[in-house]
Structure formats: structure tokens, C-alpha cells
Q: 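Quick one: the structure is below, questions incoming.
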Protein chains: 2
Amino acid sequence: MLAPRSVAIIGASADPSRIGGRPIAAMLSAGYKGRILPVNPSRAEVQGLACYASVADLPEVPDAGIVAVAAKQVPEVVAALGEKGCRSITLFSAGFAENGADGEKAQDEVLAIARRHGMRVLGPNTLGVFNVGLGYYGTFSSSLEMAFPLAGNIGIASQSGAYGAHMAALARLRGIGASVLITTGNEADVTVADAIGWMAGSDEVDVICAYQEGFRDGPRMIAALDAARAAGKPVFMLKSGRSRLGASAAASHTASLTGDDKVAGAVLAEHGVIRVRDTEEMLDFAYAAHQRIYPVGNSLGLITVSGGAGIIASDEAEAAGLPMPAMPDEAQARLRALLPYGTPTNPLDCTAQALNDLSLFEAFTRAALKDGGYRSILCFLTYVAGGPSLAPRLLDTLRKIRGEFPDRLLALCIMADEKITRAYQDAGFLTFDDPSRAVRAIATMGRVGDMLAAKPKALPTPPQVTLPATPPDEHGAKALLAEAGIAAAPERVVHSADQAAAAAAALGFPVVLKIVSPDVVHKSDIGGVRLNLGDADQVRAAYAGIMEAVGKAAPKARIAGMLVARQLTGGVECLMGINRDPAFGPVAVFGLGGIFAELLDDVAIRPCPFDVETAREMILSIKAAGILTGARGRAPADLDALAGMLSKLSALAAAAGPRLRAIDLNPVLALPDGAYALDAVIEIEGEDRP
Amino acid sequence: MLAPRSVAIIGASADPSRIGGRPIAAMLSAGYKGRILPVNPSRAEVQGLACYASVADLPEVPDAGIVAVAAKQVPEVVAALGEKGCRSITLFSAGFAENGADGEKAQDEVLAIARRHGMRVLGPNTLGVFNVGLGYYGTFSSSLEMAFPLAGNIGIASQSGAYGAHMAALARLRGIGASVLITTGNEADVTVADAIGWMAGSDEVDVICAYQEGFRDGPRMIAALDAARAAGKPVFMLKSGRSRLGASAAASHTASLTGDDKVAGAVLAEHGVIRVRDTEEMLDFAYAAHQRIYPVGNSLGLITVSGGAGIIASDEAEAAGLPMPAMPDEAQARLRALLPYGTPTNPLDCTAQALNDLSLFEAFTRAALKDGGYRSILCFLTYVAGGPSLAPRLLDTLRKIRGEFPDRLLALCIMADEKITRAYQDAGFLTFDDPSRAVRAIATMGRVGDMLAAKPKALPTPPQVTLPATPPDEHGAKALLAEAGIAAAPERVVHSADQAAAAAAALGFPVVLKIVSPDVVHKSDIGGVRLNLGDADQVRAAYAGIMEAVGKAAPKARIAGMLVARQLTGGVECLMGINRDPAFGPVAVFGLGGIFAELLDDVAIRPCPFDVETAREMILSIKAAGILTGARGRAPADLDALAGMLSKLSALAAAAGPRLRAIDLNPVLALPDGAYALDAVIEIEGEDRP
């Protein structure tokens, strides 16, 4: 499909501006290395090639079939291709699932035919693919009329045909070599995940750009992303639909904190995806990545001839989390002796004087690389570097430096005509005209480096867990959690006021009493909870009070007993939860209790399961983490216990299987020694509470 | 200086690549409309022009003098220009304040000479200015060797010469007409504020781009910004130094919440500045503004041939706060009848079919403007619009639409060669190649529109306020605040346990007791505060306890008495404060108390004074505002009282004069009825507390 040795075009047209004519014209013009086999019953010749009346008449089994006929003819053509032995088809034809229920039915029929013949299907309603290295243009994109894409090691995978082609054309316009484009259209079979997976294994692609709207098959995408990471290839993704709340938001409290987009973001980040904010950032990052220099432990040395540009770039580096440590004192002293009015810290301002005397520029830049040891360098040289007399001399200097430091990421901020710009690029330097964009791209290459270098994390031991047939009550939920190692406050279930008083004495005062009933979720609302009971008499009175209140408010509720729990105080109220995402399975959420999570949206999200270290990172990643680590004179919370609980919860969720819909531990009390779930709700698929 | 009829170049060079030769070569090449008067004692002719031996020998008084001689000759040359009668000079010469103390002294001397002659000075160490309309190039920027700037109505003002020239060159590269550049260098006299002020009054500039590092003279900048707004000209500013904490951060709690950059940001926003994140955004916005169509109450109608691009642009519009209301039902039905498989909501997806049949595109676009009534339109047409056969027909359609809706902001997302792109622009459409950037630019034009249309706000009545000679104690501070109408909890100062008990009875229990001493700021730390005193005996005991504790902890502290205050409970703890910024004067800060302001940095900042409505906006602008408006079943706080207090505080701060250093009201208790300062600290210049 993507690198065929022969391709049949069914619905081939002699007119190079028609859908069935464009791929042929493009391949002829680009010198496609395989054989083009036009099929059209009413022509003997198409664009100078022999044309066949039908698929059956083809002189060989084509590696790929491109179908450019009306929707109603598609089933017949697909069947013919299958019978001929073709195993991969690209369906340009529209009029399928994108047009509603009837179209969807027709699409399913086509897919069934293809499956019967073991064929893979791209589309329908796809703009197709191209592969520059092979001269293969299985696409009817009219952008080829403007210019053919440049050879290069960047691949683009896009659900949207028009947008994928737009990205590819923009790359071409900016001189970026994006040589593989795969647009997946209706995704009856082949998805963006498959396209990423193919690129992960392809020698032609080192850098992957993807546009994706939503995820239906999470595991397929994750496998593709992991393959890309294992192959050392970064994936830059523009995922749209940021703004829409997911369909799953509803049931549990946890669910309302995890829109689809946030979950997808957490999963993508976990699997190494660099999410971009727009097309331009995508192309900037892909361009920066094409050299395949991904600094680990990135740092930036900034050589500038303008103080202003130095400050702007420093601002951007700080915002992007890219360290700019100062030069060593000794090197500073040496450079200051060379150029008294320069500033050899970092930014290293070598002033415009360094362009009059290039030995100064060379000294500053080499010092930054050698003495400063920066993994990345950005030189702000502006339009001066474009000057025809300076450029050749500057190039000599830069080539020397490139040769000495082959593993560093070297970038220039310049303005020059295309030829001179290309010369700087050929010398091994990235070029940008905006220092802020340059810094963001450099910072991102460091993120890629760290992502590729990261060791796989240990996974927590999966607990033995058997979900009950129906959702457990609070006590049952806590028992289930306890088996997975998740602690609640000490508690017992009792069935009389006397038992309650005895249990309280055993647990230690003060205690809290809560009604236990499968029919009551919001216990406080109906008077089913009494706090801060200091002695046996208070416990007895509270027992009677709760029974009376619940009896009045919910006379039909089944009462399973009364929960007596030691009342823990102090500490910080947190919340932990699990929500099952339709595409990606269980995700864990952590936040502070009360208004922090709800009002300030200050939560951390991760796909399950994850280890204690990851749990600790999650906890510390929320903005209000200081409350847990001792801000304003508080005693620091027991992060070991809290992170351990969160990791165990994630392991439980992963092991519980798809019937687990959600878990809410709200609040979890984080004390200086220990962390305890004070309430627990477990929701199970197919069983709704009243 | 910026539009001279004649210019003398002192240090004129025959070599067009030297600093003293470049402006002459550029003006000759650009056809400068005034007279160029080279001065060089060793030449009779320079670049074909008569050259004069000295300033005194000049045949006329030049409007402007450009000084391109060594630093040590500058005083003499400036004096000569002054004596000749020249009133404006541009000092290219470097070697002044940028080189440290000696250079600063030399700069002061030059400025003194200029002042004696009533001359304005640009620089020293400036790259100069250009003014395309006049062909005036008082600059030695080598960017002119690449290309001359395009005529247009955009002006650039930059502290940094190299960066200003870089911006100008980048504008040129992108086909944007930035025809005035002013770089201010060391700013001995003329500042970026002056440059903005000049552009505000200039017929040649409609859109102002500014690069600024820091502010020394706030009022001058504010006057310039207000002039620009009054003239209907937007100011886009890249202010660097975001990351650095200001020098003023220290003294008060309030001060630590207001870095210089945040204060500058608040002041700039208040005076209509659109702050940009980088050069590219600056140029995108300036380009979008050049048509001078600034929608008031902006909304976006998005016409697209790609579903994917529609989603991407919608995401961006939501992020940018740009509304995209749906099309009216009736119009949707009409469009659906025209194109059954299109989506006529908003985005209006008219599918690729609309490019085969332009009447469809026209119908969708006209409906968006007429029926949808959107103030702005973006059409995503990608590279298809660049097709040589489609472009002329599309242009006809677009011209018709432009003519029918002259007041709307109309933009295209296209890719085409320069000539075709220019044709779309000439038809009155903005063009972009990235839909996200297009949306951000359109959203910004709406912000400009609303900013220009905003009515000036009423200012609060300035209170009569006389600051005491030394910082007041808590009771004194509250008395001063009370005069300005700011309420504290009812309280009295007493001098014995019996007086305290009597006062408590009069105020109503429970009460709080606090030590009053000019020598004690952190009262709680030394046992100087007792809360929640429920009867007279408790009050008497607390009185004795405080006196004993303070006597031990601070034996030398002067005791002015004991404060008895009614203890208010419930409500929400807020903080309000004033901090004096060295450039911009007093700024007010509002946040929630406790961790919100400190840990989460969730505060609102405004320059003083401001009205109650602005105060209310500030309060509602913090992320945690929901806590005040009734989140999670709380009683809503009395926003009228809270906003009234904040506005009065701002009026007090503005009226108090420069001796007022800071005010901290922390906490302010926001109750359902009323808001009360529970503590107050006023800091006064020159008087430090122990």
C-alpha cells in the first residue's frame, strides 16, 4: 500500500486533473519506480500507458490497487481485486460512512469483502498516500500541481486528507523534507495508529508527524507509539478536539475531572508523544528533529550579537524549562580579556564586533561548547549572516565547529536568501528566523532525548482481585481495597447501639458513625453520618439518631448495618480516583480535596498501572503540591504512603478488568505518618446505583 | 529626527559598507526627498555629493544630524551641531552608558550639551531610524543590503537596535509593510515611549509594534499608550524580562506577589497594549491590523473545505475566547438543501465540492456573513486556492463578497505563490497559511476593537489622606483606612484587663485580643494574639497572658495598649494589598488568603486608582473566584462590599502620594453581608520597622 512495486488504478482517467488521472500524472512526472496499470473499460491507453478493460484483464497481480470509481461500483471492484490476488487497496471513493447510516452500511459491506480476501484497506474517502523515495503518488491531492514534496526523513500521518495534504504542502513551502504522507480518511481498516506503526518500522521515516481527532482503539495506538519510541523516532502529534468534553464525563466524581482530551493527553505523554499546539509548531519540531540529534539532559548556550535577542531567547528558555547555566568563571575571564565589552556569561553577547572579527565569534562559540558544555547552541546572527561577503567566511567557521562537536544540537537564528540559508543547513546547522521558535524547538529536542533515554518503569505487582457481582457498599469497597493494600481508617460494621459503643471503645475515641446501605450513596445528605463522637454515650445516641433520620428520609433503604470508624483528624484531604476511558482503559486521577480539584482543575492524570515513583511524580506535579510538602509551616504529609496507595490503586484498576467503571476515594487523608481512605465508592459496569 | 527635510551626516564615508557611508548610500538608492549633507574634513565629495569640512561649514541648518564619529569626538560634534542650530541628532556612536560608569558619565556630558542647545537626542548606540514614505534612512543597518522595507502603515519602535532591525527585516521577508523603524539604543533622551507617542500622532503609522525590556519612566509610557489609543492605533508589544523577578520584590507580603513584569503587564493591559509572546505573533497581529478593521463584539464564522481544519480552528477559537455561534436554523436548512453532505452549522463545512462549484462556496460564505452575522470570517481553502485555474474565479467571488461586507474582517487560510497570494490580499482579504495563527490574529483584532471602543472608566473619588510621619500600628492603620471608607471589625484600644472586659462586653462576644506596639509586626509569633474569647473572665485572663508573653519575648517593645476586636467568623479569607512600583506607582493586588495567593499565584493586579466595576472584574478574574460566588454550597460573599473596599483602597493608595510604600490587608474577611479587614499594615517610605 505504501511502497508497492506495481499499482493498478481502477477508474483511470486520461485527464490529469481528474481524481482517476492525478496519481498517474504524478507518478509519470516523478518517475515512479514500479509499474502503473490503469484500468478503464472505455480506453485502450491512458496518459501514454496501456490501459486494461477490467481488473481481471490485468497482466499481473498488482501490489496495490487504487479505487477511484463511484461508491456503488466499489464493492464489485474490491471483489475483483481480491480475486485477482491484490492484498492492499486505497479507496479514494467517497459516499460511505461520512454520509451517515446508509453510507456506513455500504462501507461495512466493502470491508467485509476485503476481509474475505485478506486485503488491507486505506479509506474510503481518503486522499491517499505518497512516498517520495519511491516516486509513488497514490493520491489525488492537487497540491502536487504546485510542487512535489522534498525528499527527507519526515513522515506525516493524518486522519484528515485535506489537512494532511495542507501540512505536507506547508512543509514543502518551508523547505522541509516530508517524504511520506498517509491520510486515512474514514479508517474502515487502516488507522493513523497503523500509519505510525508502519513509519516506526520504515527506513524512510525517522520523524513522525500525526494529526488525530479522537481515539477509538487505544491499545492499537499505544502499540504504534511504543514501536516508534523503541525505534528512536519521535512522534509529534496535533490532537484536535481539545475543547470538547468527552462523552464519558458523567457518572463518578472522578469522571467529571477527566475529559477525553485530558486522558488522551496523559496517555500520549506516557507513551512519549510530543503534543503540539498548531501546524507551525509541528513543522518547527519535525524540522529540528530531522538531524536526529536529541540531547539528553539538554542545556542551552546562547551566542548573540544583540542583547535584546538574548533576553527574548532567555525568557523563552525559562518558559520552556530549558536550563541556561552560566559559563564557568575561568572561561568567562578568558573571553572578557578577548572582548572587554562583551558579556561572556550566558547569553554570551559577543556584540556586532564578532561579525567584523570572526575569530571572536569562533572563540565565544567554541568556549560555549567546550567550557560551557552546553548540549545545544543557538547563535543569533540575524540578517548579517545573510550578507554575501560574510556568509562564506562564517560558513567556514561554522563547519569547523560542527566537525569538532558532532553530537551537539547547533542552531542559528538568521535571515538570508534561500541559497545561503541552505548552505548553513548543509553545514549541519538548523536555521530559524525567530529566536523564540528556535528556543522552543531546541527545548523540545531535549524532551525527545530524555524520552528516548528513559528506562522503562517497573510496573507494580498486579493484585488478585475479584469484583463482586454488584457494586459493594462502603465497607465492602474498603475491604476490596484492603486486599490490594490500600488502607482505610480502622473500622467495624455493627448492628446495634451497644455493639457500636463496644467497637468504638476498641478502636479508640473519637469515632465516626456512618450508615451502611447499598441503597444510599450520599449518606451525609440524609443524616446518615455523625462525626466526632467522644464517648460511649455519644456513640449510642448517634446510633439512634442516624437510624431515625435514615428511616425518615429513606424508609425503603435496606440497612446493612452501621460503620464505626476511628476519626482521623489533621493532615491534608486528597482525592484519588479511577475512571475507565472507552479507548484507553483505566486512568488514575490525583488531586487535593475540596475546591482544589473541582474549582481549580488542579489534578494529575495517568493511565494505569504505574509504579510508586510515577505516583510520586503525579502527586508533586499538581500546583498545590506545596500543601503536602510542608508549605506555610505545615507538617509534610507522608508521601511514601500516599504514592504507595496511588500506585496500588492503579494496579488494582488495571487488574480488575473492564467491569470496573470507577473508583472514588474521597477524601484520602494524608497524615504525617500514613495515608487513609476515609470514604470509598466502587462502580461496576452494568449495575447502576439507585 | 524622523521626517527631516535635510540631514547632515558627520563622519560621512565614501564606503557604502561603513557606518558613516551606509545611510548615505541607502538614501541615495531610495530617493530620499530631502537634502543629504555629508561632513568629513578629509573629503570634498562623498558618494557623489558635495562634502563639507565641518558642521560650521554647512550651507544650511540641517533638520537632523547623524553623528557617526568616535565616542571621544561626539561632544565636540554635538556642540557644533547645536551652535549651527540643528535641534535633533541621532548618535550612532557607541562607547557610552552600555560600557559602564565611565561611558555613562560621557553620555551625561553629551546630553548636557544637547540640552543646552534644546536638542533632542536619539541614542547614543542606536542603529537609527528609517521612514520609507520619505525615503529617509538614518540607519546603518546592513539589512538594507538584502532589501528595502516595504511601504505600509506599520511602525516598529525598539530599544534594541539589532532586534528592531531583525523584526523589520522579518516583516519585509513576509511581505509586511513596516515603513517606520525607530531604535532607541541607550535612551539618553528619546525612549520607546517617545517613539510610540510620535507614531500615535503620525499620519504614516496606523499600527505600532514595540519591543521593550524594562520601564524606567512609567508616566511617559502611559501617556504615549493613551495617545495611541486615542488615535485608534493598536500597540503590540513584546516585553522581555518576563522571567526575572523585579528589584522591588521584598519588603511587604504584597510586594512578593508582584514581580516587576506582572505589574508592567497589568499596567500595559490597562492602557490597551496587546502583549505578544514572540516576534512571529507580533508580525501576525500587526499584519492582521494593517487593514484597520477591528471588530467590536467579535465572532467567527469558519468556512472550510476540510473537517479537520475546522476542528483545529474551533479549538483555537475556544482557547482564544473567540465565540463561534452556530448558524441560524433557517439558514442551515437552506444550505443543507443546497449541499446535502455539507455541514452548515459553524464551522460551515462546504466540502471540496464547493471548489468545483464556486456558487456553493459563495452561498455558504454570504450566508455566514448575512445570516450568521459573524464579525469575522475565515475560509480554509488550503493550496487549492493557489491553483492557477481556480484562483481568478475565486478572486471574482471574493471581491464581490468583500464589496458587500466592507466592515467585516475577512481572512483566508491558503497556500499559493507570491503573486496569487498578493492578488487575494489586494482583494481585501488577509491571508495566512496556518489556520491556528489565523484564528489567533482574528481573535486579537476583536480585542483591539473592544479596547478601542471601551468607554473611559469613572475613577473613584480621591479621599483626603495624610500619612503619619512614622508607620502606624495596627489600630492607627485601621483608623487611617476607616477615613477612606475601609471597614475593619469593630474594635477598641484599651489599657487594662478591666477596660478590655468592658470593651468586649460593649462590642459583643466572642472577641479577639491583640497587642498594640509599634515595635511588633508579627504579633502571633510572640504570643501577642488570643482568639475566641467568650466571656469577661476569659478576656481578663487573656490580657494578662499576652502581657506576660510579650514581656518575655520582646522586653523592650513599647506597648501602646491592647486591641479588643469583635471576632468575626465564617466567610472567606481574602487578601488585599498595595505595592508601589518604581516605574508605575501604586498597584493593587487581590487574592484569596492562605495558600491560594502564595502557593498558587492566583492573584489579580491593577494599577491604582480604579472604580468598583474594575475591582469586581479583578475579584472575579482569579481562578478560585468560585469560592466567593457560592461554589460547593457556600453562601456567596458580599461582592459589592469587597469590590467597594478594593476600589477605595486603590483610591487611597493613589491619593497617598509617593511616601506610601505598601499596604497589606491580610486577611480581609468576605462575609455574606459585608467585608472587613481583620489586620492592616501600612508601610511608609524611609521608615523601616525593627
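What you see is a predicted model, and the numbers here were worked out from it, not measured in a lab. Below, read A as the first sequence line, B as the second, and so on, with proteins coming before strands; counting in each chain starts at 1.
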Q: Measure the spacing between CD of E280(B) and CG of D284(A) and express it to the nearest 0.5 Å.
A: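 The CG atom of D284(A) is 7.5 Å from CD of E280(B), to the nearest 0.5 Å.
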Q: Could you tell me which portion of E145(A) (side chain, backbone, both or neither) has an atom closer than 4.5 angstrom to a non-hydrogen atom of chain B?
A: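 Neither; nothing under 4.5 Å.
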Q: Taking it one step at a time, do Y211(B) and I312(A) satisfy side-chain contact (heavy atoms from CB on, under 4.5 Å)?
A: CA-CA 10 Å; Y211(B) 169 69; I312(A) 290 167; 3.4 Å; yes
Q: Using non-hydrogen atoms and a 4.5 Å limit, figure out which bit of L355(B) sits close to chain A: side chain, backbone, both or neither.
A: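 Looking at L355(B), nothing touches chain A.
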Q: Measure distances from L173(A) to the heavy atoms of chain B and classify the residue's part below 4.5 Å as side chain, backbone, both or neither.
A: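 For L173(A), the side chain is the part near chain B, not the backbone.
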Q: Tell me, with the steps shown, if R172(A) and M415(B) meet side-chain contact (heavy atoms from CB on, under 4.5 Å).
A: CA-CA 11 Å; R172(A) 171 67 188 82; M415(B) 261 179 292; over 6 Å; no
Q: Quick one: which of P340(A), G307(A), A165(A) has the most heavy-atom pairs under 4.5 Å with chain B, could you say?
A: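 Answer, by heavy-atom pair count under 4.5 Å with chain B: A165(A).
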Q: Just wondering, more than 12 heavy atoms not from D15(A) lying within 6.0 Å of its CG?
A: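 Enclosed: over 12 neighbouring heavy atoms sit under 6.0 Å from CG of D15(A).
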Q: To check you understand the geometry: which heavy-atom pair defines the closest contact between D278(B) and R437(A), and what is its length?
A: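 Shortest heavy-atom separation between D278(B) and R437(A) comes out as OD2-CG, 4.4 Å.
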Q: Taking CG in D102(A) as the centre, count heavy atoms belonging to other residues, nucleotides or ligands within less than 6.0 Å. Is the count above 12?
A: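 At most 12 heavy atoms, drawn from other residues, nucleotides or ligands, come within 6.0 Å of this atom.
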Q: Taking all non-hydrogen atoms of both residues into account, name the closest pair between K239(B) and D315(A) and its distance.
A: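 Shortest heavy-atom separation between K239(B) and D315(A) comes out as O-OD2, 4.4 Å.
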Q: If you compare all heavy atoms of D417(A) against all heavy atoms of M146(B), which two are closest, and at what distance to 0.1 Å?
A: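 Where D417(A) meets M146(B) most closely, the heavy atoms are N-CE, 4.5 Å.
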Q: Looking at every heavy atom in both R277(B) and E316(A), which two are closest together, and how far apart are they?
A: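 Closest pair (atom of R277(B), atom of E316(A), distance): O-OE1, 4.0 Å.
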Q: Heavy-atom cut-off 4.5 Å, strictly under: side chain, backbone, both or neither for Q212(B) against chain A?
A: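 Looking at Q212(B), nothing touches chain A.
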Q: Against chain A, work out which of G387(B), S158(B), S141(B) has the most heavy-atom pairs shorter than 4.5 Å and name it.
A: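 Of the candidates given, the most pairs with chain A belong to S141(B).
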Q: Of all of T304(B), D434(B), T382(B), which one pairs up most often with chain A through heavy atoms under 4.5 Å apart?
A: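 Winner by heavy-atom pair count: D434(B).
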Q: Given that the side chain runs from C-beta out, which part of L127(A) has a heavy atom under 4.5 Å from chain B: side chain, backbone, both or neither?
A: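 Just its side chain gets close to chain B.
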Q: What part of A416(B) gets closer than 4.5 Å to chain A, counting heavy atoms only: side chain, backbone, both or neither?
A: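 Contact with chain A is through the backbone of A416(B) alone.
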Q: Considering non-hydrogen atoms only, spot the tightest contact between Y383(A) and S143(B) and give its length.
A: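 What the structure gives for the nearest pair is CE1-N, 3.2 Å.
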Q: So for A352(A), is it side chain, backbone, both, or neither that comes closer than 4.5 Å to the heavy atoms of chain B?
A: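 Contact with chain B involves no heavy atom of A352(A) at all.
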Q: Does D433(A) form a salt bridge (charged side-chain N to carboxylate O under 4.0 Å, His left out) with R174(B)? I'd like the steps, not just the answer.
A: CA-CA 11 Å; D433(A) 59 20; R174(B) 299 194 178 165; 3.1 Å; yes
Q: Is S160(A) close to chain B through its backbone or its side chain, or both, or neither, when contacts mean heavy atoms under 4.5 Å?
A: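 Looking at S160(A), just its side chain touches chain B.
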Q: Might you point out which heavy atoms bring P435(A) and H166(B) nearest each other, and give the distance in Å?
A: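 That closest heavy-atom pairing would be CD-NE2, 4.1 Å.
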Q: Is the number of heavy atoms from other residues, nucleotides or ligands under 6.0 Å of F148(A) CZ greater than 12?
A: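 Enclosed.
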